[in-house]
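Note: hydrogens, waters and symmetry copies are ignored here, and every other heavy atom, side chains too, is used. Labels below follow one simple rule: chain letters A, B, ... track the order of the sequence lines, proteins then strands, and each chain is numbered from 1.
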Number of protein chains: 2
Amino acid sequence: MQTIAPELADFAALIADPGRAGMLTRLMDGRAQTASELARVAGVTPQTASWHLARLAARALLKVERSGPRRLYRLATPLVAQMLEAMMTVAAVEPNPSRSPPRIDPQMRRARTCYDHLAGELGVAVTDAMRQRGHLRLDREAGELTAAGIAFLGDLGIDLRSPARSRRLLCRPCLDWSERRPHLAGRAGAALADLAFQRDWIRRRPQGRSVEITADGLAAFTTLFGARI
Amino acid sequence: MQTIAPELADFAALIADPGRAGMLTRLMDGRAQTASELARVAGVTPQTASWHLARLAARALLKVERSGPRRLYRLATPLVAQMLEAMMTVAAVEPNPSRSPPRIDPQMRRARTCYDHLAGELGVAVTDAMRQRGHLRLDREAGELTAAGIAFLGDLGIDLRSPARSRRLLCRPCLDWSERRPHLAGRAGAALADLAFQRDWIRRRPQGRSVEITADGLAAFTTLFGARI
DNA sequence: ACAACGCTTCGATCATTGTCGAAGTGTTCA
DNA sequence: TGAACACTTCGACAATGATCGAAGCGTTGT
């Protein structure tokens, strides 16, 4: 017998609530949020949110830190974010080809962070541009930064050895659920996103994971990277 | 607002039923099964199973083929299997360190197929052995077959170019949910599993995804590969 | 054409679980 | 010490959805 099946079902049930799913997607950028903020995105009262958060934390999907009188919740590991991304990718497959694509928030579709790197049209466009210029080779399952790519990023001030001896992969693909194509992830993707925030090419919107592309950003992505966005 | 959250929740709800979870795990080896067989593993009546299967197919998790009077269901894409594997990996994290590990079916833990390659203790042992002999480099995020590894597999009669110009990656890691360590997947992993079946090193058990290691298999994995199992 | 079989649809029932009000805990600051 | 605040626990209620019996559909073989 498949003794894991009940466990898998229990586990999936954790995500199978709109409130909890909302909280999890809200946390997919890797940052911590207060219980109140998560109650807000879930659209429920603090009591209800607290109950949901307790369940998620009990199953090690979230970890909680205390900060004064408030509690901060974040995803327990990057693995959780990867799993959610995988689920979204499969969930985004349009089951009924006749129906119009599910209404995805346009801002979200345009540009967002996926844990710690760029996603959405922006993420894919930048990835495509780097690929076209020979900075990057990337398919759905693996990726590789070329010498030219490393030099290019180096010129921008990105030191890819930054977290010295990091066990994390330099360059890996991440399947973009809204574009249904891979974008750049891994250490390189994270470093690129960091740079974009530092240079004010993109700004986090107050709520959610979507980001705003500034005028500077538009210019930079277009001219420096050759991205078509 | 996160317009995807409700979709994600709906999607997760599909997996959040013990019956459906059982059906899905049963199908994770990539083969097709009849509705009756799936009703059996789910432990429900055919009517109920039919209802579950219809839901899964409607959301494009499964696809159905007719074969005479019976209907055969299989996973719609390998991506679905990968997603389920990712979920199991996260679900298998023991939330309560005090409790003993969740009782996983020992046969399942010992040796099973994961879509089309080897998993469980056997899968990890073979992977480790190949790694130790310099045939393979592999971590959680990426993998690479060395020249020695390609030669080694070639000597065994594995032609890794077999599906000519396959878009599928030669060598990639797959995180083993029972062992919590990566094992060999991709085209190389599939070819190796094929070989093991052909040479009768392993045999599918009548039900489920677990496989039996034959005496020949034990000898082959130990001597040929140097695996400690 | 008819019977047998596998599977699906329909309808009613019952359990699970998400929900919020009220009350409780713990932390910070005055 | 006491008040304010963030969050959690408890208890009861309502809705969603899984289940099976009964009946219907479609395919195969006689």
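Distance A:Asp17 CG to D:dA15 P: 17 Å, rounded to the nearest Å. Distance B:Leu53 CG to C:dG6 P: 16 Å, rounded to the nearest Å. Rounded to whole Å, atom P of C:dT19 lies 7 Å from atom CH2 of A:Trp51. At whole-Å resolution of the value, CZ in A:Arg71 and P in C:dT28 are 12 Å apart. Rounded to an integer number of Å, the gap from CG of A:Asp10 to C1' of C:dT17 is 13 Å.
The two residues B:Ala5 and A:Ala21 have their closest heavy-atom pair at O-CB, 3.5 Å.
Note on A:Arg20: a side-chain N or O is less than 4.0 Å away from OP1 or OP2 of C:dG18. Contact annotation: B:Arg55 reaches the phosphate of D:dA18 (side-chain N/O to OP1 or OP2, under 4.0 Å). Phosphate proximity of D:dA6 to A:Tyr73: absent, as no side-chain N or O sits under 4.0 Å from OP1 or OP2.
No side-chain donor-acceptor contact under 3.5 Å links B:Arg74 and B:Gln33. For the residue pair A:Arg112 and A:Ser178, a side-chain donor N or O sits within less than 3.5 Å of a side-chain acceptor on the partner.
Distances from the side chain of A:Gln47 to the nucleotides D:dT8, D:dC20, C:dG26 place D:dT8 closest. The side chain of A:Arg66 lies closest to C:dT27, out of D:dT19, D:dT8, C:dT27. In the set C:dT19, C:dT8, D:dT19, D:dT19 carries the atom at the smallest distance from any side-chain atom of B:His52.
Between B:Thr48 and A:Arg70, the residue whose closest nucleotide on DNA chain D is further toward the 5' end is A:Arg70. Residues A:Pro69 and A:Ala54 both approach DNA chain D. Their nearest nucleotides, taken by heavy-atom distance, put A:Pro69 toward the 5′ side. The 5' end of DNA chain C is approached more closely, in terms of each residue's nearest nucleotide, by B:Glu37 than by the other of A:Thr45 and B:Glu37.
A salt bridge does not link A:Arg110 to A:Glu212: none of the charged nitrogens lies less than 4.0 Å from a carboxylate oxygen. A salt bridge links B:Arg168 with B:Asp116: at least one charged nitrogen is closer than 4.0 Å to a carboxylate oxygen.
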